[in-house]
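Have a look at the structure below, then the notes.
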There are 2 protein chains.
Amino acid sequence: MVSQKKRRDSAGSRRRLLAAAVHEFAARGFDGAKVDRIARRARVNKAMVYYHFRHKADLYRAVLLERFGAIADRVAIVRAEGGAPEDQLRRFVATVAGLIGDWPELPGIWLREMADGGRHVDAEVMAALRRVVDTLAAILDAGTRAGCFAPAQPLVVQMGIVGPLLLVAASAPLRARLASVLSTRHADVAWPAIVDHIERGTLAVLTGPRPEAAAGPARRPRPRSARA
Amino acid sequence: MVSQKKRRDSAGSRRRLLAAAVHEFAARGFDGAKVDRIARRARVNKAMVYYHFRHKADLYRAVLLERFGAIADRVAIVRAEGGAPEDQLRRFVATVAGLIGDWPELPGIWLREMADGGRHVDAEVMAALRRVVDTLAAILDAGTRAGCFAPAQPLVVQMGIVGPLLLVAASAPLRARLASVLSTRHADVAWPAIVDHIERGTLAVLTGPRPEAAAGPARRPRPRSARA
DNA sequence: GTCTATAAATAGATAGAC
DNA sequence: GTCTATCTATTTATAGAC
């Protein structure tokens with residue numbers, strides 16, 4: 001993706017550093033992450049960190065770019081594969097959910113970067129984020145043109161999808177503790193249940209009955225009928 | 001709420017410290033927050049931090065307890081006021097949205113604490129979290145008994161509500177930057193729009209087409225079409 | 001309760017040998 | 001590319017005067 005700097009890193013110390021960094025940054029955040037721990041986890045000398053990366057922030061940005069770039073790539077495929085807008089949207093949700101399933105560090109990285117106001121999001125990472133939003137916008141637009149979706153702001157829909165997924169995934173440890181204190185039995189959250197919840201909720205808003213004249217910029221949702 | 005330690009803190013240095021701490025912890029996270037900055041912001045000598053609080057973590061826990069306690073109190077009122085379950089749920093959403101509006105630091109604190117796996121959530125804070133979930137559970141239960149809600153896991157619904165709200169609020173700075181790079185005009189997100197989106201999405205899932213047997217965790221995420 | 005001064009421990013980053 | 005040793009700045013936390 002970024003630049004083919006394959007300088008023959010012996011056993012791939014750079015790659016191992018990135019993997020260790022993802023873990024550390026996800027678990028502790030940028031400030032909480034320690035270069036020392038990253039190096040130790042990667043089984044690499046600490047000085048190597050500064051051989052491969054200018055500084056801590058540079059390593060962190062590399063992590064961001066790698067992960068958000070992959071997300072953008074994956075959702076772009078969903079859009080490219082086409083299909084009915086409803087289906088594309090469902091696959092969009094499933095894809096993001098799948099990425100989180102594959103990369104348990106994703107929620108930590110993502111949530112913290114949002115909480116940080118995108119402090120470390122540079123132009124490259126921004127471009128990746130833009131691709132994700134643009135992809136979702138294209139799906140929504142296709143649905144609107146096909147008459148099956150009401151017009152909606154892509155970022156609103158995006159947050160409605162990503163927010164719950166990230167929060168559920170990230171809160172797993174806390175929910176486990178909560179379960180042991182919870183009065184009733186609403187203890188755990190099954191991952192398929194939340195994915196299903198989001199899929200249905202999102203589609204319902206896009207295809208459902210119009211809101212009167214709420215505060216939103218929402219338009220009149222066309223009756224869901226025609227196909228693409 | 002915790003203990004009436006009103007020792008006449010001259011001009012309320014303790015209170016000012018708490019306010020400054022909320023800001024600092026929200027903006028930078030636990031590790032990124034510096035005791036020095038908190039003291040300076042509170043216009044209080046740094047040593048006073050350790051006079052009022054045992055250590056940094058203690059101050060942070062006080063912040064957590066104050067805010068999550070207030071959240072629990074406010075949503076409990078929603079439940080106590082009664083009304084139709086749909087209305088209670090809408091007011092639940094509006095209340096959380098209102099709290100975020102009143103306290104811009106809330107998303108930062110909340111998201112980071114989730115990303116941290118609740119590292120600093122002690123028994124008292126846990127109790128507050130429990131109250132929030134229990135309140136929502138009571139609302140959902142009322143709806144189910146009244147026959148207007150399908151059974152649902154409270155935590156799933158909770159994440160579906162809180163996730164987008166927190167993410168939208170926290171990502172404001174990043175979205176502002178994104179707007180200037182975004183190809184199309186899907187730039188900004190109006191706060192009322194997201195609240196409306198969540199209200200409708202959540203209610204749609206609860207009142208919409210039953211996927212046979214809800215409540216159960218292992219639901220098949222492949223409904224033919226989700227029409228409302 | 002408030003302040004100054006400082007201890008004590010980290011942690012980011014680099015120099016330079018191999 | 002890899003390692004040891006180390007420099008420097010920062011930061012939590014405390015001692016003790018007022």
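Just so we're on the same page: letters track the sequence lines, and every chain starts at 1. Everything numeric in this text was worked out from a predicted model, so none of it was measured.
Considering only side-chain N and O atoms, B/S13 lies nowhere under 4.0 angstrom from the phosphate OP1 or OP2 of C/dG1.
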Exercise for review: Check step by step if salt bridge (charged side-chain N to carboxylate O under 4.0 Å, His left out) holds for A/D116 and A/R112.
Suggested key: CA-CA 6 Å; A/D116 273 345; A/R112 287 184 204 272; over 6 Å; no
Check your understanding: What do the steps show when you test B/D87 against B/R90 for salt bridge (charged side-chain N to carboxylate O under 4.0 Å, His left out), and what is the final call?
Key -> CA-CA 5 Å; B/D87 243 26; B/R90 271 194 215 94; 3.0 Å; yes
Review point. Where do B/R61 and B/E124 land on the salt bridge (charged side-chain N to carboxylate O under 4.0 Å, His left out) test, with the steps shown first?
Key: CA-CA 9 Å; B/R61 281 201 206 90; B/E124 283 184 305; over 6 Å; no
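Note: B/Y50 and B/H55 fail the aromatic proximity criterion, with ring centroids not under 6.0 Å apart.
Rounded to whole Å, atom P of C/dA11 lies 7 Å from atom CG of A/D36. Straight-line distance from the CZ atom of A/R15 to the P atom of D/dG1: 14 Å, rounded to whole Å. B/M48 has its CE atom 17 Å from the C1' atom of C/dA5, to the nearest Å. Atom pair B/R40:CZ and C/dC3:C1' shows a separation of 16 Å (rounding to whole Å applied). For the pair A/N45 CG and C/dG12 C1', the computed distance is 14 Å after rounding to whole Å. Across the protein-nucleic acid pair, B/L59 atom CG and D/dA13 atom P stand 10 Å apart, rounded to whole Å. For the pair B/I38 CD1 and D/dT12 C1', the computed distance is 12 Å after rounding to whole Å. Atom P of nucleotide D/dT14 and atom NE2 of B/H52 are separated by 16 Å, given to the nearest angstrom.
Using modelled atom types, one finds a donor on one side chain and an acceptor on the other under 3.5 Å when comparing B/R175 with B/S171.
Less than 4.0 Å separates DNA chain C from at least one heavy atom of each of the following residues of residues 22-34 of chain A: A/A33, A/K34.
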Practice item. Spell out protein contact along nucleotides 13-18 of chain C as letters: B when the base is contacted, S when just the sugar-phosphate is, - when no protein heavy atom is under 4.0 Å; keep the 5' to 3' order. Key: BB----
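Taking the six-membered ring where the residue is Trp, B/Y60 and B/H120 present perpendicular rings, their angle passing 60° and hence far from 30°.
For residues 19-28 of chain B, the pairs satisfying salt bridge (Lys or Arg N to Asp or Glu O under 4.0 Å) are B/E24-B/R37, with sequence neighbours left out.
Among the candidates A/R14, A/R16, A/H52, the single residue satisfying the side chain to side chain contact (heavy atoms under 4.5 Å, CB included) test with A/V44 is A/R16.
Distance CD1/B/I100 to CD1/B/I71: 8.0 Å, rounded to 0.5 Å.
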